[in-house]
Amino acid sequence: MSAPGGGGGAPAAAAAPAAKRQRTMPLAGICLFVPVKALPGGSAVFAAWKRSLPGLGASLTQDGGAAGITHAVVPQAPNGTANWGCLPPALAPPGPSGLLFVTQHWVADSIRRQQRQDEGAYRPAAARAAAPPPKPAARAAPSRAGSMRKGEDGEALPAVEAIKAWLGPLWRPECAEMDLAELALQGDYDEERCRRIGNEHVVEALRELRKFEEVVEALRELRKFEEALNGQWLKNPQGKAVSNHKSLAYMHAASAVRTCAYKLAPPVRPEQLPLVGDFTAGIITEILETGSCAQLEQFRRDEPVRDSRGGVRADSAGAATRRAFTKLPGVGAKVAQQWWDRGLRTYEDVIEAAASRGLGAAGSKPLVLNATQRFALEHRADLLEGTAESDLEEMRAAIAASLISLTGARGWHIEIVGGSRRQQRPAADASGSGGGSSSRVPPKQHHDADFMVTHHSYTWGEDLIGSLRDELIARRRILPPDTGAMCMLQQNRAADIEAKLMDDLTGASGELRSNVASDRLDHIFATFRTAAGRLRRMDVILVTPDQLPYALIGWIGSTMFNRFLRRHMNHGLWRIKGGRIVRVPDQAPPINRRGQGPGAK
DNA sequence: CGGCATACG
DNA sequence: CGTAT
DNA sequence: GCCG
C-alpha cells in the first residue's frame with residue numbers, strides 16, 4: 001500500500017487526526033479577495049461563499065488593501081476571458097509575492113468537492129497564456145506506471161506525465177497504478193466544465209462522428225453477419241453480442257477530451273490523451289485547426305466517406321439522412337438504410353411513400369411501416385423535441401398519485417435520475433447562470449425523463465410495476481402499447497435475482513451464462529401525455545431501498561460511465577449482478593473462453 | 001490478435 | 001433488430 | 001480504432 005501523496009506520507013492510522021482536520025478544514029489559512037461587483041452572480045454568490053467558506057477554514061474580504069490575502073478571484077466570462085480590470089492596484093498582476101490568481105470556478109469547485117483544488121488548473125485566462133498547458137513531453141523521470149511510448153523524435157514519453165496533465169486537479173498518486181478502465185472513472189465529465197476549459201466543441205464533433213460511424217458500421221456488420229450466419233443476427237461466433245467498435249473509439253475519444261483539464265491546442269499527439277491513438281489524434285487536430293474534419297463534412301453532406309487509402313467506404317453514403325431517420329423510435333440502421341435505398345430523404349418523404357402504398361413507383365414493393373414507426377412519424381415533433389425540466393413535476397405527480405391509489409401507502413420516494421439528473425448543477429456552483437451575463441443558455445431538453453421510485457417502509461408485491469403501468473394508462477397519463485407508442489414493461493422475478501446472486505456467491509455457474517438471466521430492475525418505458533397534450537418519453541424504475549444506491553449509479557451515469565465501470569469491474573474481483581456489487585468468490589484471475597488466464601499464450 | 005458492457009421486448 | 005442506462 |  002502506498003501512502004497517499006500530495007498531503008502527507010504518514011500511515012493512515014497514525015495520521016487520522018491530521019487527515020480529519022485536512023478533510024474538515026481543507027482551505028485553512030486561505031484569505032480570498034473577491035471583487036463582488038465583477039463577480040457573475042454578484043452579491044448572491046458572495047453571500048453563498050460567505051456561508052460555506054469559513055467552515056472550510058478560509059476567510060473572505062472585499063478590501064483589496066487587506067493584509068494577508070492569499071488568493072484573488074479574477075472573474076472569468078463564459079467565453080473564457082478574464083476580467084483583470086476589477087482588481088485593485090494593490091493586487092494587480094503580478095501582485096504581492098505568493099498571491100495566487102484564480103477564477104470563480106476554483107472557489108465553486110473547492111466548495112463542491114470540499115477540497116482545495118489545484119490553483120494551477122483554475123488560472124484566469126491571461127495568466128494561463130503566459131504558462132502554456134502542460135506538455136507531456138517533459139523530461140520527468142520515467143515512472144514504473146504506464147507503458148513507455150515512442151514520441152515523434154523517438155524519445156520515450158512517460159505516460160504518467162500525460163495522465164497527470166489530463167486529469168489536472170483530479171490526479172492522485174494512486175492513478176499511476178490504474179488501468180485505463182479505472183482511470184477513465186476518475187474523470188470529471190461535466191459538460192460545463194469542459195466548455196469553460198474550451199474543449200467542448202471538439203467533444204461535439206467527435207460525438208457527431210460517432211453517430212455517423214454508428215449508422216455506417218452497424219449496417220456493415222449487420223450485412224456481414226446476416227451473410228455469415230444465414231440470417232442469425234445478434235451473436236458473433238463466440239456467442240457474444242456484436243457491437244460497433246469504430247464508433248466506440250470515437251466515444252472513448254470524446255470522453256478523453258471531455259475530462260481533459262487543459263485547453264487542447266493543435267497538434268494533439270496520441271501520447272497526450274488516453275484512449276486516443278494516431279488516427280483520432282489526427283481528427284482532433286483537424287477539428288482544432290479548422291473547426292471540423294473531412295469525414296464530418298462528407299457525413300453532413302450525405303457524401304460517401306473515403307478511407308485512408310482513398311477508397312470509398314461501403315455503405316457510407318447518406319449517413320446524415322439515415323442518422324436523422326434513426327432518431328425516430330423504432331427506426332435503426334437497417335430500416336434507415338431501406339428508406340434511403342428507396343430514395344426517401346425526409347420524414348415527409350417516408351410518410352408520403354407509406355400513404356401511397358401500392359400506388360407508388362411500379363416495380364417497387366410498397367413501403368410498409370409498423371405501428372411504432374407510424375406513431376413516431378406522426379408525433380415526431382413532440383418526440384424529437386425531448387423533455388424539458390418544466391415537464392418533470394407533472395410526471396412526478398402523476399406517478400405519485402397512481403402509486404398512492406394502488407397501494408394506499410403514502411411517502412413514496414420519487415427521485416429524478418438519468419440525463420436530466422446529470423445536468424443538475426450543485427447549489428454551490430454559481431457558474432454559467434450569472435446574473436448580468438448576456439449569454440443566456442436555453443433550458444436543456446432531454447430525450448426522456450427518468451424517475452427512480454422506492455418506499456422505505458411499505459413492501460410491495462412483484463406485480464406492482466405492471467399495476468403501475470396499467471394505472472397510468474387508465475388515468476390516461478401514459479399511452480397504451482396498441483397506439484404504437486413506446487410502452488414496455490420489464491418485470492424481474494425476485495427469485496431470479498436471488499438465484500443469480502447465489503450462483504455468484506457459490507461460484508456455481510462460474511463465468512458461464514446461467515439459464516436465469518435478470519440483471520435489470522423493474523422498469524417502465526413509456527410515453528407520457530402532459531396536461532397540455534404534448535407527448536414525452538418517460539421511464540419509471542422501481543427499486544427496493546437496499547437496491548437504491550446501486551441503481552442510482554447505473555441510472556445517473558452516462559452510457560460511457562457505465563461501460564467503463566462494467567469494464568473495470570470485469571477486470572478485477574468484482575461483478576455487478578442483480579443490482580448489487582458482489583465479490584467474485586474464487587480469487588483466481590478471470591479466465592478467457594479458452595480456459596486460460598491472463599498472459600497465457 | 002482478442003476484447004471492447006449489458007440486458008430486455 | 002429494436003430499446004434502455 | 002485503441003489497448004495490452
Side-chain angles (χ1 to χ4, degrees), chain A residues 146-147 149 159 179-181 183-184 206 209-210 213 217-219 221-222 225-226 231-234 236-238 240-253 256 270 273-283 307-308 326 328-338 370 372-373 376 417-419 421-422 447-448 450 452 481 486-492 496 500 513 517-526 537 539 541 551-571 575-579 590 592-594 596 598-601:
Chain A
S147 57
R149 310 181 196 196
D179 64 20
L180 271 177
L183 203 54
L206 289 168
L209 277 165
R210 159 212 159 193
E213 289 299 348
E217 284 278 298
L219 189 78
E221 302 214 341
L222 204 81
F225 278 95
E226 279 187 339
Q232 283 221 323
W233 173 236
L234 278 186
N236 68 9
Q238 284 76 47
K240 288 196 129 194
V242 170
S243 64
N244 180 341
H245 301 122
K246 212 173 262 184
S247 103
L248 181 62
Y250 279 123
M251 281 193 271
H252 284 162
L273 299 171
L275 304 164
V276 171
D278 281 317
F279 178 85
T280 318
I283 298 269
D307 62 25
S308 50
T326 62
L328 295 173
V331 180
K334 187 170 184 171
V335 171
Q337 179 68 31
Q338 288 167 355
N370 65 27
T372 307
Q373 291 157 358
V417 292
R421 163 73 168 258
R422 271 207 309 285
H447 107 277
D448 69 357
D450 307 279
M452 190 155 291
M486 178 174 289
C487 187
M488 296 199 297
L489 186 71
Q490 184 181 321
Q491 189 171 14
N492 288 326
D496 288 352
K500 249 186 111 102
R513 175 104 27 244
S518 276
D519 237 8
R520 307 291 286 195
L521 303 160
D522 283 7
H523 186 177
I524 300 169
F525 304 116
R537 278 277 297 106
D539 298 342
I541 310 104
L552 285 174
I553 293 174
W555 278 84
I556 295 175
S558 66
T559 297
M560 265 328 305
F561 178 86
N562 283 341
R563 295 176 82 153
F564 284 135
L565 180 61
R566 187 75 71 150
R567 211 206 298 189
H568 174 52
M569 291 285 176
N570 289 346
H571 278 319
R575 294 288 183 277
I576 309 167
K577 291 282 165 71
N592 64 16
R593 66 172 181 277
R594 294 189 306 271
Q596 294 164 328
K601 287 278 164 236

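Every chain is numbered from 1, with letters handed out A, B, ... down the list of sequences. Here the structure is a predicted model, which means the values were calculated and not measured.
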Please give, in whole Å, the distance from [N] [atom2] to [X] [atom1]?
X         : N      : atom1 : atom2 : value
Leu275(A) : dA5(B) : CG    : C1'   : 15 Å
Ile283(A) : dG1(D) : CD1   : C1'   : 11 Å
Ile524(A) : dG9(B) : CD1   : C1'   : 15 Å
His571(A) : dC4(B) : NE2   : P     : 8 Å
Arg563(A) : dA4(C) : CZ    : C1'   : 13 Å
Asn244(A) : dA5(B) : CG    : C1'   : 14 Å
Leu489(A) : dA4(C) : CG    : P     : 16 Å
Asp522(A) : dT5(C) : CG    : P     : 17 Å

Of the candidate nucleotides [options], which contains the atom at the shortest distance from the side chain of [X]?
X         : options                : result
Asp448(A) : dT3(C), dG1(D), dT5(C) : dT5(C)
Phe279(A) : dG1(D), dC3(D), dA4(C) : dG1(D)
Asn570(A) : dG4(D), dA5(B), dC4(B) : dA5(B)
Arg567(A) : dC4(B), dG4(D), dG9(B) : dC4(B)
Asp539(A) : dC3(D), dC4(B), dA4(C) : dA4(C)
Asn562(A) : dG1(D), dT5(C), dT3(C) : dT5(C)
Leu248(A) : dG2(C), dC4(B), dA4(C) : dC4(B)
Ala249(A) : dA5(B), dG1(D), dA4(C) : dG1(D)
Gln490(A) : dG4(D), dC8(B), dT5(C) : dC8(B)

- side chain to side chain contact (heavy atoms under 4.5 Å, CB included) partners of Thr559(A), counting only residues at least two apart: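 Checked Thr559(A) against side chain to side chain contact (heavy atoms under 4.5 Å, CB included); matches are Arg563(A).
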Looking at every strand, decide which applies to [X] at a 4.0 Å heavy-atom threshold: base, sugar-phosphate, or nothing.
X         : result
Thr280(A) : sugar-phosphate
Arg537(A) : sugar-phosphate
Leu328(A) : sugar-phosphate
Val331(A) : sugar-phosphate
Ala253(A) : nothing

- For atom P, what is the distance between dC3(D) and dA5(B), given to the nearest Å?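 Pairwise P distance, dC3(D) against dA5(B), rounds to 14 Å.
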- Task: Anything under 30° is parallel, anything over 60° is perpendicular, the rest tilted; go ahead and classify His523(A) against Trp555(A).
- Result: perpendicular
- Query: Are His447(A) and dA4(C) close enough that a side-chain N or O sits under 4.0 Å from OP1 or OP2?
  - Reply: yes
- Separation between OG1 of Thr280(A) and NE2 of His252(A), rounded to the nearest 0.5 Å: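 NE2 of His252(A) is found 11.0 Å from OG1 of Thr280(A).
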- Query: Just how far is it from atom CG of Asp539(A) to atom CD1 of Ile541(A), taken to the nearest 0.5 Å?
  - Reply: 6.0 Å
- Would you say the side-chain atoms of Asn562(A) pair up with the backbone N or O of Gly554(A), donor to acceptor, closer than 3.5 Å? yes
- Item | Results of salt bridge (Lys or Arg N to Asp or Glu O under 4.0 Å) for Arg567(A) - residues two or more places apart only | none
- Is there a stack between His245(A) and dC2(D), judged by ring centres under 5.5 Å and planes under 30°? no
- Task: On DNA chain B, check which nucleotide each of Phe564(A) and Phe525(A) is closest to and give me the residue with the more 5' one.
- Result: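 Nearer the 5' end of the strand: Phe564(A).
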